[in-house]
Structures are given as structure tokens and as C-alpha cells.
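Numbers restart at 1 for each chain; the letters A, B, ... are given by sequence-line order, proteins then strands. Because only heavy atoms are used, hydrogens play no part in the values below, and waters and symmetry mates are left out as well, while side chains stay in. Predicted model only: the values in this text are computed from it and were never measured.
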2 protein chains.
Amino acid sequence: MEFDLRDLPTRATLQELSRKIPELDVSSVETALLFMRVATNVFHHIHDNLARFGISQGKFNLLMIFYKESDRSFLPSELAEKAGITRATVTGLLDGLEREGLVERKSHPKDRRMIMTRMTQKGIERMQAVLPDHFLLISRLMQGLTEEDRRMLISYIERIDAEIPKAEGQQ
Amino acid sequence: MEFDLRDLPTRATLQELSRKIPELDVSSVETALLFMRVATNVFHHIHDNLARFGISQGKFNLLMIFYKESDRSFLPSELAEKAGITRATVTGLLDGLEREGLVERKSHPKDRRMIMTRMTQKGIERMQAVLPDHFLLISRLMQGLTEEDRRMLISYIERIDAEIPKAEGQQ
DNA sequence: TCTATGTAGTTAGCCACCTAACTATTGTGC
DNA sequence: GCACAATAGTTAGGTGGCTAACTACATAGA
């Protein structure tokens, strides 16, 4: 079963490699490759949906951080850390969000190196327009799975994540 | 269990939304978000490893297509279709790969609009250096799962993929 | 106190993706 | 046979990610 002609060369390559490398398990690699392919499809799907609202994935991630605590301000460096991107990237995303009037920058009263960023009313309204649609689309991805299936899936995914060495020295 | 303070605001947002939108299932969204978070970690992990060999993910994908049938040539448009990226992006990636001497471009003998691209010996050798390490790293991601676990995981992932509407009109 | 070190944000420049528009060439229909 | 449409690849310009270097400011130590 699963006789995909297009992928047969990969399987042949894998099987040849696995003869030389005993630790390499062909079915593990194939599972991981499927995982990655579907993840890519999911990201594209979500990207396309957010694009209908004129929001990129990167901007959405920042807006979500703001929205969760829309009454308070965030330092750019704090946003970078929460979103898992660099401060330089945050600068660029904030430029775009500020240009659209979704967030605003104010200088910090005490420490003049810092900038306080805050979501505007327009930003809140934009998120209120996007979120129902966005989460509904995400929710529907799982509609082929039962509650029990999802519990199992979470367990498998967490075990995969546990194998990824977490970079401690992240400067 | 799973009492992550940082994510509580998301859960609160989700629960509020789910009251207004009956079709929205909170646990489905949370499962999908975990799936995406781990997928991102996996991609970063693989990226970091390929970077040690001076190869980006995009270039690796093209090289893998070449390597699977290293005796034949490919049209750039064919590479784009197989890799799931645009022709414009292929142009850029081929520029880099050609600059490094890993692939070569030749004009098509019959149709002068077309370009035949082919992997060089140096390209083959580079892939032979990268592949064992690369696939071993991918294989290890699954070492917390049994054969049976992986079968189940594949089934779940395929059911998620089945919910993604495939864009027919991809011009 | 003043120098050195550290910190926050930005800038510059690279990469890989995109869309839209352009060039060159081939194929088609009157 | 020639104008027009279709096709292949590239170019131009935008975005979001990165690292490295820079500016401005704050802080700690001799």
C-alpha cells in the first residue's frame, strides 16, 4: 500500500543508505517526511486564510501576543522572545503593523533605550474580525479525529518534540 | 495537567470564542496549535543541521529531486512543480546552486525557450556527504515511537491532511 | 567620576519565498 | 504567412526570517 511512484526513488535511496547505516530506520524517516509534508500544507492553508484579512503569519503571531493582554504594553525584545524570532525581525514587523495603525510605539518614561508597544483599538477590532474565522479553520483540521485520537496524537507529537535538542545557548 | 501559565490567555480567548461559535472546538484548536509548534521546532532543527553543510532547505529540496534521478535533466518548471514552489523561486535557487557548481544549466536543443538543468558530479558528492547525516537526524526524531505508534501517527496525520482543501486552480 | 561593559532597538545586507510583469520563443488560426 | 495567444524563464520589487554591526543609553567598578 501507499505505492507512490514519485516517491519510490526516495525509498530506494533510503533503503540503500540504511544498509550502510544500521541505526537509520526507513519507516521512521518516511513517517517524519509525511509529518513535514502535512505540516507544510497546514501552514500554507493558514497563510492563505490570514492573507484574506491582509495579515501575514508573522504579524498574526505578534498581534496574538498583544491581543491576549490587550491592556498592557510590551517591549520589542519581549515580543521577540515570546514569538521566537529575533529583535531585528520584530523591528520590521512592528514597522508594518504601526504603518497600518494596528499597534503604536511610545518611548519608555524611565529608560530611554526602551520602547513600549501597545495594540490600538483598530488592532483589537482587526483581531476580533480575524479570530473566529481563523480558529474555526484550525479547528476543522481536526474534524476527522475523535477526542481519543487527538489525545493519542498529542502524545506522539510531544514524544517527537522531546527528541529535538533544545538550544540552550540562544545568546 | 498541562498548566502552562503563558498559554492560559489563549485558552481563555478560545473558550470565549467557542461560546459564540458552537462549531469551534477548543481541544481541536489546541491540538492543532501543538502540531504546528512542534512542526516549527522540527523545521528549525533540520535547518540547523543542513546549515552545517552550507545548504538551505530550499536548495536541499531541489538537490534531492536531482539526486533521485541523477542521470537525467530537469526543466526549471518541472523542478518548481515537484518542489511546490514558483518558477521565480527556482530561478534564484538554481543561481545559487550553479554558482557553487552543484548543478549546471544547458540550453534545450529543440526548444530555445527551455533550459535543461542537471546535477554535477560535485553535486552528487555533496549529497552523498549530507544524506546519511540528514536522514539519521530525521530518523532519530521518531525514536520515542514504536512501529505501531508510527502507524497510528501516520493515520492521524493523513486524516488532518484530508481536511485541507487542495487548491485546484493553481494557475 | 569616568571608563568599560552591557543592553535595547535599529540598520544593513543576505536568503528564500511570493506576485506581477517582462523577454524570447513557439504554436495556432484565419 | 502572419498576427495573436501561449509558454519558459527571468527580472523587479515586496515580505519575513536571519546575523552582524551600529547607536544610544544605562550601569558597574576602579
Within the supplied structure, the quantity of interest is the number of heavy atoms (other residues, nucleotides, ligands) at a distance under 6.0 Å from B:H47 NE2; does it exceed 12? no
Do A:F60 and A:H134 have their ring centres less than 6.0 Å from each other? yes
Toward the 5' end of DNA chain C, by each residue's nearest nucleotide, A:S77 or A:H44: A:S77
Check the interface with nucleotides 2-7 of chain C: list each N/O to N/O pair with the protein under 3.5 Å, or write none.
unit_1, atom_1, unit_2, atom_2, d
C:dG6, N2, A:R113, NH1, 2.8
C:dT7, O2, A:R113, NH1, 3.2

Nearest-0.5 Å distance that lies between atom NZ in A:K82 and atom CZ in A:F74: 6.0 Å
Between A:K106 and A:R118 (side chain of the first, backbone of the second, donor and acceptor by atom type, cut-off under 3.5 Å), is there such a pair? no
Near DNA chain C, under 4.0 Å by heavy atom, which residues of residues 93-111 of chain A? A:R105
Any carboxylate oxygen within less than 4.0 angstrom of a Lys/Arg side-chain nitrogen, looking at B:R140 and A:E163? no
Between CG of B:D48 and P of D:dG17 the distance, given in whole Å, is 16 Å
Please report the distance, rounded to the nearest Å, between CZ in A:F43 and C1' in C:dA16. 16 Å
Specify the separation, in whole Å, of atom CG of A:L75 and atom P of C:dT10. 11 Å
Side-chain N or O of B:T91 versus OP1/OP2 of D:dG9: is the shortest distance under 4.0 Å? no
I'd like to know if the side chain of B:T13 pairs up with that of A:K68 as donor and acceptor (distance under 3.5 Å, no hydrogens or angles considered). no
Are B:L153 and A:V42 linked, directly or through other ILVMFWY residues, by side chains that come within less than 4.5 angstrom of each other? yes
Rounded distance in Å - CG (A:L79) to P (C:dA8): 13 Å
Check the phosphate of D:dG16 against A:T89, side-chain N and O only, distance under 4.0 Å to OP1 or OP2. Yes or no? no
If we ignore hydrogens and angles and just use 3.5 Å, is the side chain of B:E30 paired with the main-chain N or O of B:L14 as donor and acceptor? no
Straight-line distance of A:E100 CD to A:I55 CD1, nearest 0.5 Å: 7.5 Å
Can you tell me the distance, in whole Å, between the CD1 atom of B:I115 and the P atom of C:dA24? 14 Å
Is any side-chain N of the basic residue among B:E147 and B:R151 closer than 4.0 Å to the acidic one's carboxylate O? no
Below 4.0 angstrom, which residues in residues 55-65 of chain A have at least one non-hydrogen atom near DNA chain C? none
CZ-OG1 distance between B:R105 and B:T117, expressed to the nearest 0.5 angstrom: 8.5 Å
What integer distance in Å separates A:I85:CD1 from D:dT15:C1'? 13 Å
